[in-house]
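Single-structure report; data block below.
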Protein chains: 2
Amino acid sequence: MLRTNTAFLQFVEQLFEDKQAGNAIQLKSFAAGAHLIRQGSIISQVYIIREGITKCYIAEDNGKDYIFEFLGTGEITGELEAINKGACLSNITALTPVTVFTIPHNRFMALLRSYPEFNELLLKVLAARIYQTCIRTSYQQLYPVEYALLRLLSLEASQQTFFSKKDMAAYLGISVRSFNRTLKDLREKNILDKEGLNIDLSKEQLEQMIKRFEDA
Amino acid sequence: MLRTNTAFLQFVEQLFEDKQAGNAIQLKSFAAGAHLIRQGSIISQVYIIREGITKCYIAEDNGKDYIFEFLGTGEITGELEAINKGACLSNITALTPVTVFTIPHNRFMALLRSYPEFNELLLKVLAARIYQTCIRTSYQQLYPVEYALLRLLSLEASQQTFFSKKDMAAYLGISVRSFNRTLKDLREKNILDKEGLNIDLSKEQLEQMIKRFEDA
DNA sequence: CTGGGAGTGGGACAAATGTCCCGTTTAATT
DNA sequence: AATTAAACGGGACATTTGTCCCACTCCCAG
């Protein structure tokens, strides 16, 4: 859910240090809540997150948002636009203070050509995103919200991160009301510890809980 | 919805002709209904569709399927597995008789390195898939089924393709019953021409729909 | 402090979607 | 032509989810 990529970050850090290769790479900072990228706009750099957490989401014109992913350290964004030269697909906003490396599109594409290793890292990122997105989409479409919610909570717990309910609901593609309701149902079924939302599930445990729901 | 990619196909055709570069590339055929790839299995080639239409879907263990995309001429599949070396994400089955080029993983990766042009074509494919998937997912999560259905029908009409209701429902992530119901509602609202599936929207809905159809 | 805004929690009702089921149509096979 | 399996269409009912609304807390700028 919160994606990070140390290998990628390391590579970019190195480039940045390098007088030669790094000359067009810059650092930029954003306050929490600031927009890094605005959906529909045209940008001319890619961003690699050095520090902080962002959310990546589409705002539909019925006023609802859908969050695709939370991007953390080492994640790249704006790369689709560099590759396909289109308008920005989504919004990126900072959830915490954020620092990024920026690389101009043409430089970025050139780097891909000159550093096969970098190119391969990017291929892996893209492949991983497709992979994850597919799994998540399928899951969210074909299972009741309850399952997706448990899964999300479990991820959140394992990553020690916490998001607002609004964001969590937007990540699940549901209303905050549904989110709350489902949470309450789970609580009443004693599935969640009432103290906090600390659930600490392994995949097997999750399976078990899901099975338990079935009879009740 | 039905993706195709002539540039990619051409490139692979050329490789195939080339004695040197094409020596590991093979042709393979499948009857309609056959599995090209089975979810969870391990494969060692990528497939590029030369002819025919396939569906790419995940089967969840509650018995439901989610179709990500219909892949046609020039589309590649199995590439995620080549890049990330994991088990197959999804099933690929032939909807029509299908002929594919197969390229062994290591050969495929080598080709990416030796042909920057090929590498770039692949980057574009991956980027386009992420792009499309994001748009579609968001749309399907945040709008009533009615909209997604209209969009799907319009795409289908514009591409002159026809899929079974089961497949269309699986593409939308809903049950066949819901699919039928929504279709009926639309018919009763005179939104659809009864003759064929000629979309004939009226009123503001038309404008809104058109706008959305454009990008996909 | 203090008023306002954002986040939270949930009741009541409406709308959307799923499940179960059965009769009909279509298409392919014998 | 007869038979069968699959696809289609939809009724009845249950469940899920959304919308609208209000009350409560918390926090911060004035």
Side-chain angles (χ1 to χ4, degrees), chain A residues 31-33 55 60-67 93 95-96 137-153 156 162-189 192 194-197 210 213-216, chain B residues 31-33 55 60-67 93 95-97 137-153 156 162-189 191-192 194-197 205:
Chain A
K55 64 173 173 178
E60 296 288 352
D61 34 82
N62 61 5
K64 300 180 180 178
D65 291 348
Y66 185 74
I67 296 179
T93 67
L95 292 182
T96 66
T137 304
S138 171
Y139 195 81
Q140 287 186 358
Q141 290 272 354
L142 303 184
Y143 283 90
V145 169
E146 198 159 289
Y147 295 2
L149 176 51
L150 269 176
R151 181 182 236 208
L152 173 58
L153 290 175
E156 215 176 359
F162 294 94
F163 302 111
S164 76
K165 302 229 160 170
K166 209 175 92 188
D167 282 347
M168 288 197 273
Y171 183 80
L172 295 174
I174 61 178
S175 65
V176 176
R177 181 68 190 92
S178 297
F179 184 90
N180 273 324
R181 179 166 26 217
T182 309
L183 208 51
K184 192 184 156 217
D185 291 348
L186 290 177
R187 258 190 251 115
E188 278 166 7
K189 289 183 196 165
L192 292 180
K194 270 156 207 145
E195 306 301 300
L197 293 180
I210 286 168
F213 296 162
E214 250 111 81
D215 357 322
Chain B
K55 66 174 171 178
E60 296 288 352
D61 34 81
N62 61 5
K64 300 179 182 179
D65 291 348
Y66 184 73
I67 296 180
T93 65
L95 291 181
T96 66
T137 304
S138 171
Y139 194 82
Q140 288 186 359
Q141 290 272 355
L142 303 185
Y143 283 91
V145 169
E146 198 160 290
Y147 293 173
L149 176 51
L150 271 175
R151 179 185 236 207
L152 173 58
L153 291 175
E156 215 175 0
F162 178 71
F163 302 111
S164 75
K165 301 232 160 171
K166 208 174 92 189
D167 282 347
M168 288 197 274
Y171 183 81
L172 295 174
I174 61 177
S175 66
V176 175
R177 182 68 190 93
S178 296
F179 184 91
N180 274 323
R181 180 167 24 219
T182 309
L183 208 51
K184 192 184 157 218
D185 290 349
L186 290 177
R187 257 190 252 115
E188 278 165 8
K189 289 185 197 160
I191 306 251
L192 292 180
K194 271 157 207 144
E195 305 301 300
L197 293 180
Q205 275 178 328

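Each chain gets a letter, A, B and so on, in the order the sequences are listed, and its residues count up from 1.
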When the distance from [atom1] of [X] to [atom2] of [N] is rounded to whole Å, what number comes out?
X	N	atom1	atom2	result
B:Leu183	D:dA7	CG	P	17 Å
B:Asp185	C:dA16	CG	C1'	10 Å
B:Tyr147	C:dA16	OH	C1'	13 Å
B:Lys166	D:dA6	NZ	C1'	9 Å
A:Leu95	C:dG7	CG	P	12 Å
A:Leu186	C:dG9	CG	C1'	15 Å
B:Phe162	D:dA7	CZ	P	11 Å

Gap between atom CG of B:Leu153 and atom OG1 of B:Thr182 - 0.5 Å precision:
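Reported to 0.5 Å precision, the distance equals 10.0 Å.
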
* **Check: A:Arg187 and A:Leu183 side chains under 4.5 Å, non-hydrogen atoms** => yes

Considering all heavy atoms of both residues, which atom of [X] and which atom of [Y] are nearest to each other, and what is their separation?
X	Y	value
B:Gln140	B:Tyr171	NE2-O, 3.5 Å
B:Gln141	A:Gly173	OE1-O, 3.6 Å
B:Met168	B:Phe163	CE-O, 3.4 Å
A:Tyr139	B:Glu60	N-OE2, 3.7 Å
B:Tyr66	B:Leu172	CE1-C, 4.5 Å

- Task: Could you tell me whether a side-chain N or O of A:Asn62 sits under 3.5 Å from a main-chain N or O of B:Leu142, the two making a donor and an acceptor?
- Result: yes

Reading nucleotides 11-18 of chain D from 5' to 3' and marking B where a protein heavy atom lies under 4.0 Å of the base, S where only the sugar-phosphate is that close, and - otherwise, the string is BB----BB

Per-nucleotide protein contact along nucleotides 22-30 of chain C, 5' to 3', at a 4.0 Å heavy-atom cut-off (B base, S sugar-phosphate only, - neither), is ---------

message = Does C:dG9 have its OP1 or OP2 closer than 4.0 Å to a side-chain nitrogen or oxygen of A:Asn180?
response =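 True: A:Asn180 side-chain N/O within range (under 4.0 Å) of C:dG9 OP1/OP2.
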
